[in-house]
Amino acid sequence: MRDGFGRTIDYLRISVTDRCNFRCHYCMPEQQRFLPRRELLDYSEIALIAERFMDHGVRRIRLTGGEPLVRRDIGVLIAHLGKYVTSGRLEELTLTTNGSLLADHAQMLAKANVHRINVSLDSLDSDRFASISRGGRLKEVLAGISAAKAVGIAIRINMVALRDINQMDLLPVAQYCAENDFDLALIETMPLGEGVSGRQNDYIALDEFVSPLREIAKFIPLAHRTSGPARYWQVEPLGLRLGMITPLSQNFCDNCNRLRLTTDGKIFLCLGSNLNVDLRQAIREGGVGEVDRLLETALRLKPERHDFENQLNDSTSRLSRHMNATGG
Ligand code: SAM
Ligand code: SF4
């Protein structure tokens, strides 16, 4: 698949639920309303849409949310999609999780051909962790990460950079990752969703966020890429591979290769835009042919780039969708 700007689209992120057992304050407000269950795609609908995408050239799928592991019987969907890795139709099936339920699911993931996961971890201080996630228990997340490591799943830790909130956590998190052989990806906080407090105050460009680490370590640029937008450095003498995701300070839309399927069956063409097509209606009323037709439309509509820089400072142009609704 190629979009209107000639970019190859081979990566699909599927949000399997908008629900979550955390309320990270950069992601959603404390009192969040979730979609009624009847509006969610069921597993057979998700699988069918995933197949249509694979037939159109999608080679990698990431499951996300909300928290994907809170959806009931999620193992059924993961096992089903994992079979496409065995058959070679998919190159890779991955997952982004807050890690809190990982201890119970690690074996299932490994069996289903999930060889690589991203786990969010914004602090190694249990009080700060609980405060940022509004109630998350650090101990459970660390136990989940250890369980995934024990079954051989490669792990990248995702840490959202928050001014005056977790900059002091960077070195401990970096050391923890290096010791355990995990990659670390830092993410600039994006202006998504209404009712999310402290937006402008919390934003910090990654260059500034990592400056204390640069004073004590050497950053060597790497050619390494995954399917996502991170650019990587080797940080020595820590022995850490560090990724930086800079949607605001350094735009990466030229190489965008992905589409997002929301929990209620919409294809969002860009995290920073409300443009979407409704595959749930297509699948329930028009069948497979209609889904294919809408996929073609989606490719034509994909915008050239997002505009988070202006949305950060101008609340009138900010998107009301929260990150958990579209899937990070
Ligand atoms: N619940 C899972 C988790 O936290 O990993 C998966 C969904 S979460 C929406 C996916 C990623 O998006 C997480 O790494 C999270 O830190 C990040 N995220 C959420 N809201 C964000 C925001 N406003 N700006 C930047 N990253 C955000
Ligand atoms: Fe939940 Fe992930 Fe959003 Fe945190 S970032 S509230 S864990 S969906």
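Just follow the structure's listing: the first ligand is 1, and inside any ligand the first atom is 1. These numbers were taken from a predicted model, which means no experiment stands behind them.
Between Arg134 and His25 there is a side-chain heavy-atom pair separated by less than 4.5 Å. With a 4.5 Å cut-off on side-chain heavy atoms, Leu101 and Val70 count as touching. With contacts defined as side-chain heavy-atom distances shorter than 4.5 Å, the pair Arg258/Arg60 does not qualify. The closest side-chain heavy-atom distance from Phe182 to Leu240 is not below 4.5 Å. With contacts defined as side-chain heavy-atom distances shorter than 4.5 Å, the pair Gln234/His224 does not qualify.
With hydrogens and angles disregarded, a donor-acceptor distance shorter than 3.5 Å links the side chain of Arg62 to the backbone of Leu95.
Within a 6.0 Å radius of CG in Asp55, more than 12 heavy atoms belonging to other residues, nucleotides or ligands are found.
Within ligand 1, the atoms closer than 4.0 Å to a non-hydrogen atom of Val160 are 16 (O), 26 (N), numbered from 1 in the order shown. The atoms of ligand 1 that sit less than 4.0 Å from any heavy atom of Gly65 are 7 (C), 9 (C). Remark: ligand 1 atoms within the under-4.0 Å shell around heavy atoms of Asn98 are 2 (C), 3 (C), 5 (O). Within ligand 1, the atoms closer than 4.0 Å to a non-hydrogen atom of Thr97 are 2 (C), 3 (C), 5 (O), numbered from 1 in the order shown. Listed by number with element, the atoms of ligand 2 under 4.0 Å from a non-hydrogen atom of Met28 are 6 (S). Heavy-atom contacts of Ser120 reach the following atoms of ligand 1: 3 (C), 4 (O), 5 (O), 13 (C), 14 (O), 16 (O) (cutoff under 4.0 Å). Listed by atom number, the atoms of ligand 1 under 4.0 Å from Thr189 heavy atoms are 23 (N), 24 (N), 25 (C). Using a 4.0 Å cut-off to heavy atoms of Thr64, the atoms of ligand 1 that qualify are 6 (C), 7 (C).
Residue contacts with ligand 1: Asn118 is placed with no nitrogen or oxygen under 3.5 Å of a nitrogen or oxygen of the ligand (distance criterion only). Residue Cys20 has no N or O atom closer than 3.5 Å to an N or O atom of ligand 1. Residue Thr96 has no nitrogen or oxygen atom sitting less than 3.5 Å from a nitrogen or oxygen atom of ligand 1, judged on distance alone.
Put simply, Cys24 stays out of reach of atom 1 (Fe) of ligand 2, with no N, O or S atom under 2.8 Å from it.
A salt bridge does not link Glu45 to Arg280: none of the charged nitrogens lies less than 4.0 Å from a carboxylate oxygen. Taking 4.0 Å as the cut-off between side-chain N and carboxylate O, Asp10 and Arg59 do not count as a salt-bridged pair.
Seen from the ring of Phe219, Arg214 counts as a face-on cation partner, given the 6.0 Å and 45° thresholds.
Across Glu67, Met28, Met190, heavy-atom proximity to atom 23 (N) of ligand 1 is greatest for Met190.
Residue Gly66 places a heavy atom less than 4.0 Å from ligand 1. Using 4.0 Å as the threshold, Glu188 has a heavy atom nearer than that to some atom of ligand 1. Taking a 4.0 Å cut-off on heavy atoms, Ser133 fails to register as neighbouring ligand 2.
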